[in-house]
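Please read all numbers here as calculations on a predicted model, not as lab measurements. In what follows, every chain begins at residue 1, and chains take the letters A, B, ... in the order their sequences are listed.
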Number of protein chains: 2
Amino acid sequence: MAPNPSPIRLQTRAVVRSLLAQTAMQLFAEKGFDETTVDEVAAAAGVSRRTLFNYFRTKEDLALSGLSEQGEVIAIRLADRPGDEDVWVSLRYAFEVLDEIEASPENRLEIVSMLFDNDSLRAGHAEKQARWTDLLAPLIEPRLPASESRGFEAKAIVGAAITCLQAATEEWLRVRGSTPLFDLYDTAVAAIQKSN
Amino acid sequence: MAPNPSPIRLQTRAVVRSLLAQTAMQLFAEKGFDETTVDEVAAAAGVSRRTLFNYFRTKEDLALSGLSEQGEVIAIRLADRPGDEDVWVSLRYAFEVLDEIEASPENRLEIVSMLFDNDSLRAGHAEKQARWTDLLAPLIEPRLPASESRGFEAKAIVGAAITCLQAATEEWLRVRGSTPLFDLYDTAVAAIQKSN
DNA sequence: GCACCGTCATGCACTTAGTGCAAGATGCTT
DNA sequence: AAGCATCTTGCACTAAGTGCATGACGGTGC
């Protein structure tokens with residue numbers, strides 16, 4: 001099949017992919033996701049429609065590909081945390097990389113708005129973030145006390161943390177960014193851990 | 001617009017809708033979601049394709065409409081719980097209605113499998129369940145200690161509980177139902193609340 | 001019975017997302 | 001220069017979803 005996809009090929013491919021996604025996001029931000037056709041994106045990027053689908057499986061992917069990469073960056077950060085640190089603390093530090101990655105603060109609100117405006121986009125967004133679980137859970141599993149269900153518990157914890165991040169993002173959007181995202185995140189985490 | 005959608009009209013409409021969804025699920029279970037076209041569903045149900053889209057916005061909705069209803073049932077159950085009960089306990093009881101609602105145990109595995117097989121279906125499933133938050137959070141909000149962010153905290157808690165349910169479902173699917181769903185749910189909730 | 005009314009079902013034409021295929025361009029390797 | 005794999009593109013096709021206009025159905029008032 002692909003024993004040697006060649007080192008340089010992969011790199012150019014990644015660059016092109018990134019450029020295409022950028023062009024797409026530009027248009028999506030200008031006209032909205034639903035109002036922008038794939039043909040328009042292809043034209044704006046100067047490639048054929050067919051080629052575009054060679055780089056992205058779906059139109060949705062054009063808007064959400066960044067999330068997968070973010071997941072990988074978070075995983076790298078998480079792996080750097082000391083092994084004896086509380087997992088919730090580690091996760092919070094790892095997530096905070098989002099504050100550094102994401103585009104300028106003004107654009108951020110705009111982008112998040114777009115992601116929440118469209119049904120399937122919002123669903124895809126949630127799904128992609130949920131898939132971060134698969135990347136992060138293996139990293140915190142070894143930190144949990146031994147148990148037959150440790151792997152599953154790790155997934156639950158990571159899933160809950162991501163949910164807090166999502167809830168925080170939703171609230172952050174609601175208040176139009178007037179409260180820092182990670183303040184909201186902390187509130188959410190505190191709420192679910194309160195023994196009540 | 002619709003000052004009087006008429007009482008009887010709404011009821012027949014709901015019945016037809018339910019019948020259509022049933023027919024669709026039948027086919028989806030037989031041939032798989034992707035391999036079944038909307039035209040086939042329409043034909044099997046004895047209506048035109050156009051009519052089908054009159055009852056369901058998308059093909060996805062045909063498979064996921066049940067989830068919205070489940071959310072409403074859960075909300076009703078939750079409203080019945082005593083007001084001074086621990087919110088996590090209340091939520092668990094409310095969720096347990098799923099064990100009563102859902103189809104025969106054999107079919108359940110099959111249906112859940114189908115929902116997790118397809119990307120957009122899995123995403124839609126997660127989204128619909130996440131929307132349960134909007135129904136359930138207002139019910140538990142008054143039980144939380146007063147605070148400016150109580151509404152948001154309620155959403156975080158409900159969101160986390162739903163995430164535990166989703167994680168449990170995923171694990172339940174992985175082990176092919178060999179462990180009861182709510183045993184897994186309890187493990188997940190315990191994991192995220194452990195102070196570590 | 002008959003004309004009037006809103007609602008619903010349907011057919012038709014159309015746009016858009018996404019796929020399979022085959023031909024041609026590109027660029028590296030020997 | 002020839003050979004090779006990969007990338008791009010056009011073309012034809014399937015399927016989801018929408019807008020519109022027409023006609024069927026069912027009840028109301030006369």
Side-chain angles (χ1 to χ4, degrees), chain A residues 1-21 23-25 27-28 31-65 117-124 127, chain B residues 1-21 23-25 27-28 31-65 117-124 127:
Chain A
M1 300 300 166
N4 248 358
S6 158
I8 202 87
R9 294 282 188 186
L10 284 180
Q11 215 168 342
T12 35
R13 183 169 179 88
V15 172
V16 172
R17 216 183 117 93
S18 169
L19 261 324
L20 292 175
T23 313
M25 285 305 278
L27 287 183
F28 291 161
K31 315 181 37 182
F33 182 76
D34 285 327
E35 290 71 31
T36 307
T37 69
V38 174
D39 295 79
E40 288 174 307
V41 175
V47 299
S48 75
R49 162 201 186 65
R50 200 61 188 77
T51 296
L52 198 53
F53 277 117
N54 215 310
Y55 282 89
F56 296 90
R57 269 178 43 261
T58 67
K59 179 184 179 186
E60 237 182 63
D61 270 7
L62 275 168
L64 300 179
S65 70
D117 248 4
N118 175 276
D119 271 0
S120 77
L121 216 46
R122 191 173 55 238
E127 237 290 292
Chain B
M1 300 301 163
N4 248 0
S6 160
I8 201 89
R9 294 282 187 186
L10 284 181
Q11 214 168 342
T12 34
R13 184 171 178 86
V15 171
V16 172
R17 217 183 114 92
S18 169
L19 262 324
L20 292 176
T23 313
M25 285 305 279
L27 287 184
F28 291 159
K31 316 181 34 181
F33 182 76
D34 286 326
E35 291 70 29
T36 307
T37 70
V38 173
D39 295 76
E40 288 174 308
V41 176
V47 299
S48 76
R49 160 202 187 67
R50 199 64 189 77
T51 296
L52 198 52
F53 277 117
N54 217 310
Y55 282 89
F56 295 90
R57 270 179 42 261
T58 65
K59 178 184 177 184
E60 237 181 64
D61 270 6
L62 275 169
L64 300 179
S65 70
D117 248 5
N118 176 275
D119 271 359
S120 77
L121 215 45
R122 191 174 54 238
E127 236 295 288

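You'll find the side chain of R57(A) reaches within 4.5 Å of the side chain of D119(B), heavy atoms only.
With hydrogens and angles ignored, no donor-acceptor pair under 3.5 angstrom links the side chain of R9(A) to the base of dA5(D). If you check distances only, the side chain of R49(A) does reach the base of dG18(C) with a donor-acceptor pair under 3.5 Å. Between the side chain of R50(B) and the base of dG19(D), at least one donor-acceptor pair of N or O atoms lies under 3.5 Å.
To the nearest angstrom, P of dT14(D) lies 16 Å from NZ of K59(B). The distance from atom CZ of F53(B) to atom C1' of dC14(C) is 14 Å, rounded to the nearest whole Å. Counting to the nearest Å, the C1' atom of dG18(C) and the CG atom of N118(B) are 14 Å from each other. Protein atom CG of N54(A) is 17 Å distant from nucleotide atom P of dA17(C), rounded to whole Å. Rounded to whole angstrom, the span from the CG atom of L62(B) across to the C1' atom of dA15(D) amounts to 14 Å. Look at NZ on K31(B): it is 13 Å from C1' on dA15(D), rounded to the nearest Å. dG6(C) atom C1' lies 15 Å from atom CZ of R13(B), rounded to whole Å. R17(A) has its CZ atom 17 Å from the C1' atom of dT8(D), to the nearest Å.
Of the candidates dC7(D), dG11(C), dT19(C), dG11(C) carries the atom nearest the S48(B) side chain, counting heavy atoms from C-beta on. Distance from the side chain of T37(B) is smallest to dA16(D) among dA16(D), dT10(C), dT19(C).
Contact record, E60(B) with S120(B): OE2-OG, 3.2 Å, taken as the closest heavy-atom pair. Taking both residues in full, the closest heavy atoms of L62(B) and S65(B) are given as O-OG, 4.3 Å, listed atom of the first, atom of the second, then distance.
Counted within 6.0 Å of CD on E35(B), heavy atoms from surrounding residues, nucleotides or ligands total more than 12; the atom is thus considered enclosed.
No donor-acceptor pair under 3.5 Å is formed between the side chain of S18(B) and the backbone N or O of A14(B).
Note on Y55(B): every side-chain N or O is 4.0 Å or more away from OP1 and OP2 of dC8(C).
Residue T12(B) is out of contact with every strand shown, counting any heavy-atom pair closer than 4.0 Å.
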